[in-house]
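The next block holds one structure in the form of structure tokens; read it before the comments.
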2 protein chains.
Amino acid sequence: MLSPTEENYLKVILALSSKNEQAVHTNAIAAELRIAAATATDMCKKLAVKKLVSHEKYKGVLLTKTGYLKACLIIRKHRLWETFLVEQLKFKWDEVHEIAEQLEHIDSEELVNRLELLLGSPKTDPHGDPIPDKNGYLPPSRSMPLAEAATHDVHVVRGVADQSSKFLQLLNKLNIGIGSRIRIMEKFDFDQSIAIKVDQQKTVHISDQVARNIIVK
Amino acid sequence: MLSPTEENYLKVILALSSKNEQAVHTNAIAAELRIAAATATDMCKKLAVKKLVSHEKYKGVLLTKTGYLKACLIIRKHRLWETFLVEQLKFKWDEVHEIAEQLEHIDSEELVNRLELLLGSPKTDPHGDPIPDKNGYLPPSRSMPLAEAATHDVHVVRGVADQSSKFLQLLNKLNIGIGSRIRIMEKFDFDQSIAIKVDQQKTVHISDQVARNIIVK
DNA sequence: ATAAAAATTTAGACTAGCCTAAAAATAATT
DNA sequence: AATTATTTTTAGGCTAGTCTAAATTTTTAT
């Protein structure tokens, strides 16, 4: 059995490694969890002893197969609880994170499986993120340029095809970053430009060139 | 904010003091929580510093007004979650306790209030215990002899009017004790005897004299 | 290529919540 | 009423998870 603290480390390591594919630096973990770097190093060593991560001194950590599975099951609980909070308890999607952070550590497989049933086995949570199944399987995220994504759906920004500062500065202006939720409101055939809503703010209009360089899933 | 551990102490102190009305001995707390007596003494001193209990050395503790309120709100959460688990997730009434022990420590007033609404503001949990309202008010339990209680309802045994060993031995045989749940199946006018189900076991038949000496609520 | 800067780890210390063993206070028994 | 037994508290220690400060390793820049 893992402590809530250990579970939080695994979750953060998974989140950070899915962006980079690289080993996750202990400092990045510390920053994310808002704890001292020394504390993160310490815990990483403990997680390595438990074979949940592999730890190479001064290089960082990588989840082992077991660690990855555990992390996915925590994500599963988190996302199912978020769905419950929004769909059944009528919370807004921006109010549920802190509560789900607590609920995700409740230890009962039966509970989470029944919760999934109650909710009708949803595939994604209220933020559009996919919910792993009871085996921890997280469907591969088929990412694509925003330009090719479906109208009306919400898409999560996962990266950018163009890394030039000119493009990134434009994204900053539009308040678009990794993790932003973009809903496509309308597509205009004339120039392939599209109207989008970023994180439920007011609708803005972007060119096809911009849309082709934003990677979403 | 209270830690889950502190909350558990308050809950146990409330449970033990509602039986006795007396100060709760630290040893009784230790026994209930299955921890060493020294540990309970220690924590009681800490709770006293926080003004949640009053502690008189070698005598035991009593909940303060604040402590009592906090304990009631934990009971509220526990019982609402139990109701949710049984009514929405279709757990059996004997499967929910451990899970509710975890859920009761989730820190969000909004969550528990919305949960109450979702469940239709139930007055009792699946075990027949009353659910405190959002101000922590626990309706006074109007207890009465089982003989006067309503047919078909479930009643919780809270005490005995006759404390003779002969009577108590009979109750032992019937598997009736403090906390037993008795459902009255049928009353017989001929001799005022009644048919009851104890803790969902098979139906048994008891005399009016026995029924008059079992106090339920 | 080497020195300076940045990142990471080690060392030592703190708190919460637990323990055992010994001491002190209260209760029970003769 | 005094002695014995029981209950409760004190004293000292342990682990998990956190911290700061110092030492070490890696990276960056001259």
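Throughout, protein chains are lettered first and strands after them, A, B, ... in sequence-line order, and every chain is numbered starting at 1.
The interatomic distance linking A/Gln22 (CD) with D/dT27 (P) rounds to 12 Å, in whole Å. To the nearest angstrom, C1' of C/dG17 lies 12 Å from CG of B/Leu33. Atom-to-atom, CG of A/Leu47 to C1' of C/dT9 comes out at 16 Å; the value is rounded to the nearest Å. Between the P atom of C/dA27 and the OH atom of B/Tyr58 lies a distance of 12 Å, rounded to the nearest Å. Straight-line distance from the CD atom of B/Glu56 to the C1' atom of D/dT7: 15 Å, rounded to whole Å. Taking atom CG on A/Leu2 and atom C1' on D/dA16, their separation rounds to 14 Å, with Å as the unit. Atom pair A/Lys57:NZ and C/dT10:P shows a separation of 4 Å (rounding to whole Å applied). D/dT8 atom P lies 10 Å from atom CD1 of B/Ile29, rounded to whole Å.
A donor and an acceptor atom, one from each side chain of A/Asp125 and A/His78, are nowhere located under 3.5 Å apart. In the model, A/Asn113 has a side-chain atom that pairs as donor or acceptor with a side-chain atom of A/Arg76 under 3.5 Å.
Residue A/Thr39 is classed as a base contact, given a heavy-atom separation below 4.0 Å to a base. Contacts of A/Thr5 with the nucleic acid, taken as non-hydrogen atoms under 4.0 Å apart, involve only primed sugar atoms and P, OP1 or OP2. Backbone-only contact: A/Thr26 has heavy atoms under 4.0 Å from sugar-phosphate atoms and none from a base.
Across C/dT20, C/dG17, D/dT18, the shortest atom-to-atom separation from the side chain of B/Ala38 is found for C/dT20. For A/Lys46, the listed nucleotide lying nearest its side chain is D/dG17; candidates were D/dG17, C/dT26, C/dC19. Of the candidate nucleotides D/dT8, D/dT25, D/dC19, D/dT8 has the atom lying nearest to any side-chain atom of B/His25. Which of D/dC19, D/dT9, C/dT9 sits closest to the side chain of B/Ala37 comes down to D/dT9. The B/Ala36 side chain lies nearest to C/dC19 when the options are C/dA24, D/dT10, C/dC19.
Applying the 6.0 Å contact sphere to NZ of A/Lys70 captures no more than 12 heavy atoms from other residues, nucleotides or ligands. Within a 6.0 Å radius of CD in A/Gln209, other residues, nucleotides and ligands contribute 12 heavy atoms or fewer.
The side chain of A/Tyr9 places an N or O atom within less than 4.0 Å of a non-bridging phosphate oxygen (OP1 or OP2) of D/dT18. One finds a side-chain N or O of B/His55 lying less than 4.0 angstrom from the OP1 or OP2 phosphate oxygen of D/dT9. Between B/Ser3 and C/dG17 there is a side-chain N or O to OP1 or OP2 distance below 4.0 Å. At the phosphate of D/dT7, neither OP1 nor OP2 sits under 4.0 Å from any side-chain N or O atom of B/Asn27.
Under the 30°/60° scheme for interplanar angles, the aromatic rings of A/Trp81 and B/Trp81 are found to stand perpendicular.
Both A/Met43 and A/Lys59 lie near DNA chain D, and the one whose nearest nucleotide falls closer to the 5' end is A/Met43.
No side-chain donor-acceptor contact under 3.5 Å links A/Glu148 to the backbone of A/Pro145.
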